[in-house]
Chemist: 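Right, I'll just put the structure down here and ask away after.
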2 protein chains.
Amino acid sequence: MAVPVQPFAGPAEDAPVGRALARRSGALGEIGALSRETLGERVTGELRALLVAGRLAPGEKLSLRRVAEALGVSMMPVREAVSRLAADGALEVLPNRAVRVPVLTLAGFRELTRLRLVIEGFAAEEAATTASAEQIERIAGFEAAFGRAANAEPPDTAAGVAANRDLHFALYEAAGMPSLVEMIERLWLKAGPILNLDMRHEPGRLRGGSAVQAHAALLAALRRRDAPAARAALENDIRSAAAHIESAGGLAE
Amino acid sequence: MAVPVQPFAGPAEDAPVGRALARRSGALGEIGALSRETLGERVTGELRALLVAGRLAPGEKLSLRRVAEALGVSMMPVREAVSRLAADGALEVLPNRAVRVPVLTLAGFRELTRLRLVIEGFAAEEAATTASAEQIERIAGFEAAFGRAANAEPPDTAAGVAANRDLHFALYEAAGMPSLVEMIERLWLKAGPILNLDMRHEPGRLRGGSAVQAHAALLAALRRRDAPAARAALENDIRSAAAHIESAGGLAE
DNA sequence: CCAACCTAACTGTGATCACAGATCACGACA
DNA sequence: TGTCGTGATCTGTGATCACAGTTAGGTTGG
């Protein structure tokens, strides 16, 4: 199975720890709330990150005990994490009760793509009309980062994946609809493995080219507050990425 | 807390047990696969049913031990069920780590309604173009059942809720997109508590009236294969229900 | 009479153990 | 040589226990 995970690599505190608690007397105002993250939640986050980054290949089987050992925790938190991820389709429990990363069929991938067009397209429209100037600049920052990663020699795929994700979700969050962002996250979690597994193998040049173009059009539309154009640009981005994945093969059935 | 649940009331076998295994020699062709449902899955289904039926009020706190005792199982399967339901927002774990049914704010309800319009509207369009004649007749059957429940004296709210759910999901399944149905189920799970809690208190006449009308228009559109009309009818249904909920109050903040 | 404390019951979380089912490899029989 | 039975090993599932944190209720001190 080979889970390439250190026991909680990276800073465990991703939550805003130093959140200001308004005025307090003495030094009490300076201490932040302790991190009250459950072990199960940390394991969930760890597995989720591995999934969207494409580090876990579709069809790969997971063993609760192995994951638990790799992460240095008991089996219990892993069970909870797997339950959650299986609940929203990021993992899959076979009738044999074995746990694995779902393999996407061609039909399933196309369905997912259509849903992404509908939902993320709606989010783009919404964001175009409601985004603040700061939010648009934030998106522009990620677009620049993506361009740098794509045009580097050789292309920096890891940075590109990260910038692409940040850009898209900055856009979706600008729509101001938390449940919508949640839904899109679920879609990405399902599509993540093939999407980024592919980008990892590929130089990413092709995708980079059309993606850079689509991102530029998206940003221009946002600045013009042009909702239909924003939707069209995002749809182009999704469609070109999907076409590339399909042509690259790697989908079952 | 008062969980009004019998230990697994109703038939546990909702899965197609007698699925034919094609030709087999002797009597082996007649035996079906045994039901291999996990306790955790059964508890999940039980809680899910309580939620969509509005039997668990928003804000109500759940205790793992109490639920476990009420269902006659250990705490373990309940933990798994709550993990899953909390993962897709059907339940909520407070920072105190207490578990409760989420209370929907007015803003949250409106966001949910907008998402329903986008997603279920898309499903209706899709179903209008791809539904088979049998599927349309199936929907018609539920529409008739809904009409009977709504026009009965007094209105049979329980049957109405069930027929309404069956009708909608028969429509969504006719679109032939499993992930789409899954997404809509999640939306209903979130909106279910207020939606049906309200219908339980209310005679349901008002809602019944406009709903019957919308359902009839929907069915006519399906028979004409008129996708935009189907979408419009469904949107009317959702909008009128939402307006009724909002006017009835019961939403936080 | 009100506030503060303090205890007791209860909460979810995590670990550990027990168990049935699945999987795979090896070996025996046809 | 091919196939079936058999064993060990590993799987997820469920139960039980231990523990820290919260909450509610009663009591004490002001």
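Chain letters run A, B, ... following the sequence lines, proteins first and then strands; every chain starts at 1. Heavy atoms only: backbone and side chains are in, while hydrogens, waters and symmetry mates are out.
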Chemist: Does A/Lys190 come within less than 4.0 Å of B/Glu182, counting only side-chain N to carboxylate O?
Modeler: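 B/Glu182 and A/Lys190: salt-bridged.
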Chemist: To the nearest Å, give me how far apart CD (B/Glu37) and P (C/dG21) are.
Modeler: 16 Å
Chemist: Begin with the C-alpha distance, continue with both residues' side-chain angles, and end with the deciding distance and a verdict on side chain to side chain donor-acceptor pair (under 3.5 Å) for B/Thr105 and B/Arg110.
Modeler: CA-CA 9 Å; B/Thr105 66; B/Arg110 284 182 172 157; over 6 Å; no
Chemist: Rounded to the nearest Å, what distance is computed from the CZ atom of residue A/Arg42 to the C1' atom of nucleotide C/dT13?
Modeler: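 To the nearest whole Å, that distance equals 14 Å.
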Chemist: Do B/Arg65 and C/dG12 share a donor-acceptor pair, side chain to base, under 3.5 Å?
Modeler: yes
Chemist: With DNA chain D as reference, determine whether B/Met75 or A/Leu64 sits nearer its 5' end, using the nearest nucleotide of each.
Modeler: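 Closest to the 5' end, via its nearest nucleotide, is A/Leu64.
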Chemist: Ignoring backbone atoms, establish whether A/Arg79 has a side-chain N or O less than 4.0 Å from OP1 or OP2 of C/dA15.
Modeler: no
Chemist: Kindly say if A/Arg66 contacts the phosphate of D/dT11, meaning a side-chain N or O under 4.0 Å from OP1 or OP2.
Modeler: yes
Chemist: To the nearest Å, how far apart are B/Glu69 CD and C/dA9 P?
Modeler: 17 Å
Chemist: Do B/Arg48 and B/Glu185 meet the salt-bridge criterion of a basic N to acidic O distance under 4.0 Å?
Modeler: no
Chemist: Given atom CG of A/Leu94 and atom C1' of C/dA22, what is their separation to the nearest angstrom?
Modeler: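 Rounded to the whole Å, the gap is 12 Å.
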Chemist: Is the closest basic N to carboxylate O distance between A/Glu80 and A/Arg84 below 4.0 Å?
Modeler: yes
Chemist: Whole-Å distance between D/dT22 P and B/Lys61 NZ?
Modeler: 14 Å
Chemist: Is A/Asn96 close enough to C/dG21 that one of its side-chain N or O atoms is under 4.0 Å from OP1 or OP2 there?
Modeler: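 Negative; the distance criterion is not met.
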Chemist: For C/dG14, does either OP1 or OP2 sit under 4.0 Å from a side-chain N or O belonging to A/Ser74?
Modeler: no
Chemist: Between C/dG12 atom C1' and B/Leu91 atom CG, what is the distance in whole Å?
Modeler: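 After rounding, the gap between these two atoms is 14 Å.
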Chemist: Roughly, in whole Å, what's the span from CZ in B/Arg100 to P in D/dT23?
Modeler: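 From B/Arg100 CZ to D/dT23 P: 12 Å.
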Chemist: For B/Glu41 and D/dG14, what is the distance between atoms CD and C1' respectively, to the nearest whole Å?
Modeler: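 Value for this atom pair: 13 Å.
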Chemist: Could you pick out which residue, A/Met76 or A/Ala98, lies toward the 5' side of DNA chain D when each is mapped onto its nearest nucleotide?
Modeler: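 The residue whose closest nucleotide sits nearer the 5' end is A/Ala98.
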Chemist: Would the distance check show the side chain of B/Thr38 and the main-chain N or O of B/Glu41 forming a donor-acceptor pair, the cut-off being under 3.5 Å?
Modeler: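 No: the side chain of B/Thr38 does not pair with the backbone of B/Glu41.
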